[in-house]
S.K.: 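Here it is: the structure, laid out below.
Convention: sequence-line order gives letters A, B, ...; per-chain numbering from 1.
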There are 2 protein chains.
Amino acid sequence: MQAWLDGQPCEALGLKSRGLAYGDGVFETVAVRGGQAVLLERHLARVALGCKRLAIVVDLAVLRDEVVRYAAALGEGVLKLIVTRGDSARGYAPDPQASARRILQGGPSPAYPPTHREQGVQLYPCTTRLAEQPLLAGLKHLNRLEQVLARAEWTDPSFAEGLMLDLSGRLVEGVYSNLFLVIDGALHTPSVQRCGVAGVMRAELLEQAAGLGLQVIVDDLWPADLARADEVFVCNSVYGVWPVQAFTSLRWSPGPLTRKLQGIAHALLDA
Amino acid sequence: MQAWLDGQPCEALGLKSRGLAYGDGVFETVAVRGGQAVLLERHLARVALGCKRLAIVVDLAVLRDEVVRYAAALGEGVLKLIVTRGDSARGYAPDPQASARRILQGGPSPAYPPTHREQGVQLYPCTTRLAEQPLLAGLKHLNRLEQVLARAEWTDPSFAEGLMLDLSGRLVEGVYSNLFLVIDGALHTPSVQRCGVAGVMRAELLEQAAGLGLQVIVDDLWPADLARADEVFVCNSVYGVWPVQAFTSLRWSPGPLTRKLQGIAHALLDA
């Protein structure tokens, strides 16, 4: 579908964009089903948080309205939303007169093999580590070279995702997913206070799991924790939940907690 | 001056650019004097290194030719060069069919107060720290949110630059400059193996200083080293060398080594 820039059909952005120059902005990848943006309020809340942390002034009401109208026109697929700080003269100093730009792009849903969801996926052990930067941690900002480097590490399609550690060796996330472990019946996911993205599906699953009375623990996790996990899965807002069946020499089968949370995700995405 | 995209006049970039989506590319800021790009071979070498580390395939001969012709047309000013990995479908995986894009933009030289060069500058103590990421360290890539955050920390024009530390507390660089200290007659500059940009003017000064028989030390430096420095200066490829006269409670006067290296930089930039 034709992209929109600030609500108007457009396919190009001026070369003075701070989005291009510095990655100065945030983005969201939103599933669209039946003309509706799935988990819209969570996506908008993360945009709001990112813009606040980066001191980008964006009119969220206008953005919401545009996303709603774009999703209605797209019908089914994936909507990518970018908010940049706008244009500026040369130099890092933000121009106080610059206005944030809103970019919406839409395309079909990615066609993942059904086995990813049903039987699970194998994770590639990425050697690219995530740097620890608390000022940017959790945000889905446009500085994504670490993910580009990590995703370029493998081309073998038997790996659906890659697992990334931080520079200190903690488990953090997939290249485009968040990571969950089930250990002794409790649901664990790595903290994203130092690095990593606070995923929208991650937030939804954490809240719904807590609502079901499950024990939910957000904390530091290490590769050794994988060996004691009974279940492992990855999630994001586009594909939902994939059980992890293999990582290096470790093997898991999709377990009951994974299937329960997968059901929650897919109730949102299969609507 | 009108920008060029892949050698053709252009002012806009397609919204599918990986430069916008991920900051997936590198840039250079090149001084142009008398129609010539100053330190052109060093800038091109850094582009080559950055593209190699990021696995971006760019034709350097074509790029050199475009920069030479653009600089000749610009005459005087600053040429900004961006190389992106090109466009791609959704997702971090690079499209092997995608071609790198070359963007050239030109403008006037920034009008810094002459006192910056003559009497020196005051550095703002940035609280934004640089994350340590050896895979990207040294490169002038398009992921520059740390610099955006750091530069936004001050608006008081009495600070011409800001000083940035890494997350471990080491001295690294200015927001848009490299840092040098003179201690006991030796020239020291922080290593950029963990973070920071390996500046083109930094490289030129290091080589010329070594050629003059000066002791040159590239190593870890800490804030305490500032207190024992006899001279401090910052440099980049656009303004050359500025003596540092103040940082927090510390004060320096422009010293003989600073003036010597300033002469080298300005012989290049005042030509």
Side-chain angles (χ1 to χ4, degrees), chain A residues 3 5 10-25 27 29 53-55 78 80 82 84-85 89-94 96 103 105 107 110 127-136 139 141-152 154-155 167 175-176 194-195 238, chain B residues 3 5 10-25 27 29 53-55 78 80 82 84-85 89-94 96 103 105 107 110 127-136 139 141-152 154-155 167 175-176 194-195 238:
Chain A
L5 175 63
C10 184
E11 290 298 347
L13 186 67
L15 292 174
K16 290 189 187 306
S17 171
R18 293 176 65 98
L20 171 65
Y22 307 130
D24 193 3
F27 74 110
T29 307
R53 295 255 291 273
L54 300 179
V78 174
K80 178 163 180 171
I82 297 175
T84 77
R85 196 186 303 272
R90 206 186 65 80
Y92 294 118
I103 299 164
Q105 297 168 278
T127 60
T128 301
R129 301 284 187 102
L130 292 161
E132 297 168 33
Q133 176 48 277
L135 293 176
L136 299 174
L139 305 187
H141 54 69
L142 296 174
N143 281 197
R144 298 257 77 99
L145 275 173
E146 292 175 327
Q147 284 70 33
V148 171
L149 291 176
R151 183 59 190 84
W154 81 94
T155 53
L167 262 289
V175 177
Y176 57 97
R194 294 183 196 86
C195 53
V238 170
Chain B
L5 175 63
C10 185
E11 290 297 346
L13 186 67
L15 291 173
K16 291 190 189 304
S17 170
R18 293 176 64 98
L20 171 66
Y22 306 130
D24 194 1
F27 74 110
T29 308
R53 296 255 291 271
L54 300 178
V78 174
K80 180 165 179 170
I82 298 175
T84 77
R85 196 186 305 272
R90 206 187 65 79
Y92 293 117
I103 299 164
Q105 296 168 280
T127 60
T128 302
R129 300 284 186 102
L130 292 161
E132 296 166 34
Q133 175 48 277
L135 293 176
L136 298 174
L139 305 187
H141 54 69
L142 295 173
N143 280 199
R144 299 257 75 101
L145 275 172
E146 292 175 325
Q147 284 71 30
V148 170
L149 291 176
R151 184 58 191 84
W154 82 93
T155 53
L167 262 290
V175 176
Y176 57 96
R194 296 183 195 86
C195 54
V238 170

S.K.: With a 4.5 Å limit on heavy-atom distance, are the side chains of B:Arg144 and A:Tyr92 in contact?
M.R.: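 The answer is yes, as the side chains (C-beta and beyond) meet within the 4.5 Å cut-off.
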S.K.: Check whether A:Arg53 gets within reach of chain B through its side chain, its backbone, both or neither, counting any heavy atom under 4.5 Å.
M.R.: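 Just the backbone, heavy atoms under 4.5 Å.
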S.K.: Grab the two heavy atoms, one from B:Cys10 and one from A:Leu15, that are nearest each other, plus how far apart they are.
M.R.: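 Scanning both residues completely, I find the closest heavy atoms to be O-CD1, 3.7 Å.
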S.K.: Would B:Arg18 and A:Val148 count as a side-chain contact (heavy atoms from CB on, under 4.5 Å) if you check the C-alpha gap in whole Å, the side-chain angles of each, and the deciding distance to 0.1 Å?
M.R.: CA-CA 10 Å; B:Arg18 293 176 64 98; A:Val148 171; 3.6 Å; yes
S.K.: Flag the one option from A:Ala131, A:Ala150, A:Ser17 with the top tally of heavy-atom pairs under 4.5 Å to chain B.
M.R.: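 The residue among A:Ala131, A:Ala150, A:Ser17 with the greatest pair count is A:Ala131.
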S.K.: So which of B:Ile82, B:Leu54, B:Thr155 has the largest heavy-atom pair count under 4.5 angstrom toward chain A?
M.R.: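 Heavy-atom pairs under 4.5 Å are most numerous for B:Leu54.
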S.K.: Rounded at 0.5 Å granularity, tell me how far CG in A:Leu142 sits from CG in B:Leu145.
M.R.: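 Answer rounded to 0.5 Å: 7.5 Å.
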S.K.: Between A:Leu5, A:Val175, A:Thr29, which shows the greatest number of heavy-atom pairs under 4.5 Å with chain B?
M.R.: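 Among the listed options, the one with the most contacts to chain B is A:Val175.
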S.K.: Can you find a heavy atom in the side chain of A:Thr84 that is under 4.5 Å from one in the side chain of B:Leu20?
M.R.: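 In contact.
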S.K.: State the CD-CG distance between A:Gln133 and B:Leu130, to the nearest 0.5 angstrom.
M.R.: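 Here the interatomic distance stands at 8.0 Å.
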S.K.: With a 4.5 angstrom heavy-atom cut-off, could you sort out which part of A:Ile103 is near chain B: side chain, backbone, both or neither?
M.R.: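 Interface part for A:Ile103: side chain.
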S.K.: For A:Phe27, what residues pass the ring pair (Phe, Tyr, Trp, His ring centres under 6.0 Å) criterion, not counting sequence neighbours?
M.R.: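 Checked A:Phe27 against ring pair (Phe, Tyr, Trp, His ring centres under 6.0 Å); zero matches.
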S.K.: Under the salt bridge (charged side-chain N to carboxylate O under 4.0 Å, His left out) test, which residues partner A:Arg151, sequence neighbours left out?
M.R.: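 Once residues adjacent in sequence are excluded, A:Arg151 has no partner under the salt bridge (charged side-chain N to carboxylate O under 4.0 Å, His left out) criterion.
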S.K.: Please classify the contact between A:Lys16 and chain B as side chain, backbone, both or neither, with a heavy-atom cut-off of under 4.5 Å.
M.R.: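 A:Lys16 touches chain B through backbone and side-chain heavy atoms alike.
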S.K.: In Å and rounded to the nearest 0.5 Å, what is the CG to CD distance from B:Leu135 to A:Glu146?
M.R.: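 It comes to 8.0 Å.
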S.K.: B:Ala21, B:Pro94, B:Gly107: which one forms the most heavy-atom pairs within less than 4.5 Å of chain A?
M.R.: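 If we count pairs closer than 4.5 Å to chain A, B:Ala21 comes out on top.
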S.K.: Pick one of side chain, backbone, both or neither for A:Gln105, based on which atoms fall under 4.5 Å of a heavy atom in chain B.
M.R.: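 Just the side chain, heavy atoms under 4.5 Å.
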S.K.: Is A:Arg129 close to chain B through its backbone or its side chain, or both, or neither, when contacts mean heavy atoms under 4.5 Å?
M.R.: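 Just the backbone, heavy atoms under 4.5 Å.
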S.K.: Given heavy-atom pairs under 4.5 angstrom as the criterion, report whether the side chain, backbone, both or neither of A:Pro134 touches chain B.
M.R.: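 Only the side chain of A:Pro134 comes within 4.5 Å of chain B.
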S.K.: Could you go through the side-chain contact (heavy atoms from CB on, under 4.5 Å) check for A:Leu136 and B:Leu149 one step at a time?
M.R.: CA-CA 10 Å; A:Leu136 299 174; B:Leu149 291 176; 3.8 Å; yes
